[in-house]
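Heads up: the structure comes next, in structure tokens.
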Amino acid sequence: MTTNQSTWKRREFLAMAGALAGSSAGTRAADGDEAILRVGVIGHSGRGDYGHGIDKVWLQIPETRIVAVADPVENGRAKALERLGLKPEAGFESYREMLSEAKPDIVAIGPRHIDQHRDFAVAAA
């Protein structure tokens with residue numbers, strides 16, 4: 001990506017997200033042990049889904065572990081849990097409940113419809 005380009009391509013964004021997650025992992029543990037960053041995924045089946053795999057990218061980053069998924073659509077949530085190898089208790093209908101109970105270090109906001117992003121990001125902050 002050039003510096004005068006105002007938008008990122010999806011691959012560039014995912015690569016940057018991976019680099020940022022990896023670079024911060026070593027700074028979390030004071031004793032020098034590598035820390036695993038806990039990831040919570042917010043998706044919305046039928047309303048932007050999981051952003052072309054923004055949920056699965058975290059499976060490729062060794063310093064992260066997906067701990068929870070939020071999706072208000074039961075069937076979509078079940079498919080995401082299966083796709084990510086998570087147990088049913090890691091699934092939440094409410095993203096606010098997921099944030100409160102799972103307490104992720106990183107929140108992956110998946111839906112492609114940007115009208116939802118603000119509320120997700122503010123709640124995660």
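Residue numbers run from 1 in the order of the sequence given.
- Here Ala90 pairs with Leu81, Leu86 under the side-chain contact (heavy atoms from CB on, under 4.5 Å) rule; sequence neighbours left out.
- Formation of a donor-acceptor pair under 3.5 Å by the Asp55 side chain with backbone atoms of Val41 is not found in this model.
- Closest approach of Pro104 to Met98, counting heavy atoms only: CD-O, 4.3 Å.
- Atom CD1 in Ile66 sits 10.5 Å away from atom NZ in Lys56 (nearest 0.5 Å).
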Would you please test Asp105 and Val39 for side chain to side chain contact (heavy atoms under 4.5 Å, CB included) and show each step?
CA-CA 6 Å; Asp105 300 307; Val39 178; over 6 Å; no
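- Annotation: side-chain contact (heavy atoms from CB on, under 4.5 Å) contacts of Glu97 (sequence neighbours excluded): Phe92, Ser94, Glu101.
- When atom types are taken as modelled, the side chain of Thr64 and the backbone of Trp58 share a donor-acceptor pair closer than 3.5 angstrom.
- In this structure the side chain of Arg77 reaches within 4.5 angstrom of the side chain of Glu93, judged on heavy atoms.
- Follow the hydrophobic side-chain contacts under 4.5 Å out from Tyr95 and you never reach Val73; the two are in separate clusters.
- When hydrophobic clusters are built by joining Ile, Leu, Val, Met, Phe, Trp and Tyr residues whose side-chain heavy atoms come closer than 4.5 Å, directly or via intermediates, Val57 is grouped together with Leu37.
- Checked against side-chain contact (heavy atoms from CB on, under 4.5 Å), Val67 has the following partners two or more places apart in sequence or in another chain: Arg38, Arg65, Ala102.
- How far OG of Ser45 is from CD of Glu74: 11.0 Å, rounded to the nearest 0.5 Å.
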